[in-house]
**Student:** 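What follows is a structure written as structure tokens; I'll ask about it next.
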Protein chains: 2
Amino acid sequence: MAKIKDNKTDQTLCPVARAETVVGDRWTVLVLRELFARSHRFEEIQAQTGGTPQMITARLKKLEADGLVTRRIYNKHPLRHEYHLTEKGEAFFPVLMALRAWGEAWCKSPKEGRAMTYTHVVCGKPAGLGPVCESCGEPVRRADMVGERLPKYQKERDARWEAFKATR
Amino acid sequence: MAKIKDNKTDQTLCPVARAETVVGDRWTVLVLRELFARSHRFEEIQAQTGGTPQMITARLKKLEADGLVTRRIYNKHPLRHEYHLTEKGEAFFPVLMALRAWGEAWCKSPKEGRAMTYTHVVCGKPAGLGPVCESCGEPVRRADMVGERLPKYQKERDARWEAFKATR
DNA sequence: CTTGTTACTATGAATTTCATAGCAATATGG
DNA sequence: CCATATTGCTATGAAATTCATAGTAACAAG
């Protein structure tokens, strides 16, 4: 009789549980990563996350319903939308950065090298992985960061795009 | 022909994708939350996350395989284990804190109030929600934080425990 | 009037999750 | 001894989700 009643995590006071009902899903986080990487179109997001159309459609719809994403028309006839982060979506940035830092430090072998480098434009130096700039010690904010993909990672993304295009 | 080949996210250079293959799952994050909250036994974790036994067993096994958790025998005959965070698991703390901050700020109505308060023992004052102490400005580390559950949240947890015990 | 582009929807098999039940090994109380 | 309680799972089958693959809708370009 191992049972749990009333598993309503969205009614808990715990902010982690609340957040997880929104972003507690691999595809959702990958979609958010792409939006932060300035991929705003369905195709780009699909290609770079490697998700099926349904996965991406479902996540974008849920993210919109949860208020992290807005659709913006960039073409009528045929109707086409771009997906952009709202303020709530933008506010997710520190979580992504913390996840990135943990991923770099604990989920990769050192010889693989980094995927990105971020420059802290306030001081003009590398920001490193932490929540404060490793060069000047100030807390880093999304607006103060300029990211650059390292060649190897850029090539990986280009290759994914080519591979995607080749199948359609 | 909308298809993607070779969706091997664990081979990408992207640290976010790498991290997500490990922690990109609601139950996994909730289990980690409990381990950080010093719930080390299967029952406690099950009761507080609201997961079924299989969900918890599967996550704990995967977390162990991925090196975030170790089992520690606390009783032979019958063999009983406690689950503890490894260094890799402990290093996940900043991600959880960022998620907590986002959850408090964007997934709850203000009148609900916080679940926890953290004191930064270095300065003895409230640490707030950010990656740096709101009182002294220093980056906060897990070892320098003392968390306390607010009464409402503590009651919620007590109630969950009682409800769980009542069914077995 | 054929081919290409973009953003999906449709379908069915495979996998995962969930709720519920049960069990094994021992401690505890009478 | 014997019944009941405790702890940490495993077993089972229905329900939901995911995945791979294919196809469609609405136009644009040549």
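Residue numbers begin at 1 in each chain, while the letters A, B, ... track the order of the sequences.
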**Student:** Just by modelled atom types, is the A:Thr12 backbone N or O under 3.5 Å from a matching donor or acceptor in the A:Arg18 side chain?
**Tutor:**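 Pair found, side chain donor or acceptor close to backbone of A:Thr12.
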
**Student:** Identify, with sequence neighbours excluded, every residue that meets side-chain hydrogen bond (donor to acceptor under 3.5 Å, both in side chains) alongside A:Arg142.
**Tutor:**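 Listed in chain order: A:Glu90.
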
**Student:** Please give, in whole Å, the distance from D:dT7 C1' to B:Arg71 CZ?
**Tutor:**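 To the nearest whole Å, that distance equals 14 Å.
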
**Student:** Before giving the answer on salt bridge (Lys or Arg N to Asp or Glu O under 4.0 Å), spell out for A:Glu104 and A:Arg100 the whole-Å C-alpha distance, their side-chain angles and the decisive distance to 0.1 Å.
**Tutor:** CA-CA 6 Å; A:Glu104 287 287 10; A:Arg100 162 188 172 248; 5.0 Å; no

**Student:** Which residues in residues 57-69 of chain B have at least one heavy atom lying under 4.0 Å from any atom of DNA chain D?
**Tutor:**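 Close to the strand are B:Thr57, B:Lys61.
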
**Student:** Nearest heavy atom decides the nucleotide; on that basis, is A:Arg80 or A:Gln54 closer to the 5' end of DNA chain C?
**Tutor:**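 Counting from the 5' end, the first nearest nucleotide belongs to A:Arg80.
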
**Student:** Write down the distance between CG (B:Leu79) and C1' (D:dT7), rounded to a whole number of angstrom.
**Tutor:**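 Rounded to the whole Å, the gap is 12 Å.
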
**Student:** Which value, rounded to the nearest 0.5 Å, describes the distance between B:Leu13 atom CG and A:Leu150 atom CG?
**Tutor:**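 Those atoms lie 8.0 Å apart.
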
**Student:** What integer distance in Å separates A:Lys165:NZ from C:dT6:C1'?
**Tutor:**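 Taking atom C1' of C:dT6 as the reference, NZ of A:Lys165 is at 8 Å.
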
**Student:** In whole Å, what is the span from the CZ atom of A:Arg26 to the P atom of C:dT17?
**Tutor:**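 Atom CZ in A:Arg26 sits about 13 Å away from atom P in C:dT17.
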
**Student:** Is there a residue in residues 35-43 of chain B whose heavy atoms reach under 4.0 Å of DNA chain D, and which residues are they?
**Tutor:**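 Within residues 35-43 of chain B, the residues near DNA chain D are B:Arg41, B:Phe42, B:Glu43.
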
**Student:** Looking at D:dG8, I'd like to know if its phosphate oxygens (OP1 or OP2) sit under 4.0 Å from a side-chain N or O belonging to B:Tyr83.
**Tutor:**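 For D:dG8, OP1/OP2 do not have a side-chain N/O of B:Tyr83 under 4.0 Å.
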
**Student:** If the plane angle is over 60° it's perpendicular, under 30° parallel, otherwise tilted; pick one for A:His40 and A:His84.
**Tutor:**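 Correct class here is parallel.
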
**Student:** In whole angstroms, how far is the C1' atom of C:dA7 from the CD atom of A:Gln46?
**Tutor:**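 In whole Å, C:dA7 C1' lies 9 Å from A:Gln46 CD.
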
**Student:** Return a table of donor-acceptor pairs under 3.5 angstrom between the side chains of residues 113-123 of chain A and protein atoms on other chains or two or more places apart.
**Tutor:**
none

**Student:** Report all side-chain donor-acceptor pairs from residues 30-38 of chain B shorter than 3.5 Å, counting only partners two or more places apart or in another chain.
**Tutor:**
| from | atom 1 | to | atom 2 | distance (Å) |
| --- | --- | --- | --- | --- |
| B:Arg33 | NH2 | B:Gln48 | O | 3.1 |
| B:Glu34 | OE1 | B:Ser39 | OG | 2.9 |
| B:Glu34 | OE1 | B:Arg157 | NH2 | 2.7 |
| B:Glu34 | OE2 | B:Arg157 | NH1 | 3.0 |

**Student:** Using whole Å, what does the distance between atom C1' of nucleotide D:dG8 and atom CG of B:Asn75 come to?
**Tutor:**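 For the pair B:Asn75 CG and D:dG8 C1', the rounded distance is 12 Å.
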
**Student:** So, are B:Glu134 and B:Lys125 salt-bridged, with charged N and O less than 4.0 Å apart?
**Tutor:**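 No.
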
**Student:** Taking the side chain of A:Pro53 as its heavy atoms from C-beta onward, which of D:dT21, C:dC18, C:dT6 lies nearest to it?
**Tutor:**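 The nucleotide sitting nearest to the side chain is D:dT21.
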
**Student:** Strictly by side-chain hydrogen bond (donor to acceptor under 3.5 Å, both in side chains), give each pair with a member in residues 54-63 of chain B just once, sequence neighbours left out.
**Tutor:**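 Listed once each, the pairs are B:Asp25-B:Arg59, B:Lys62-B:Asp66.
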
**Student:** I need the CH2-C1' distance between A:Trp27 and D:dT17, as an integer number of Å.
**Tutor:**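 In whole Å, D:dT17 C1' lies 13 Å from A:Trp27 CH2.
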
**Student:** Grab the CG-C1' distance between A:Asp25 and C:dT16 for me, whole Å please.
**Tutor:**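 To the nearest whole Å, that distance equals 13 Å.
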
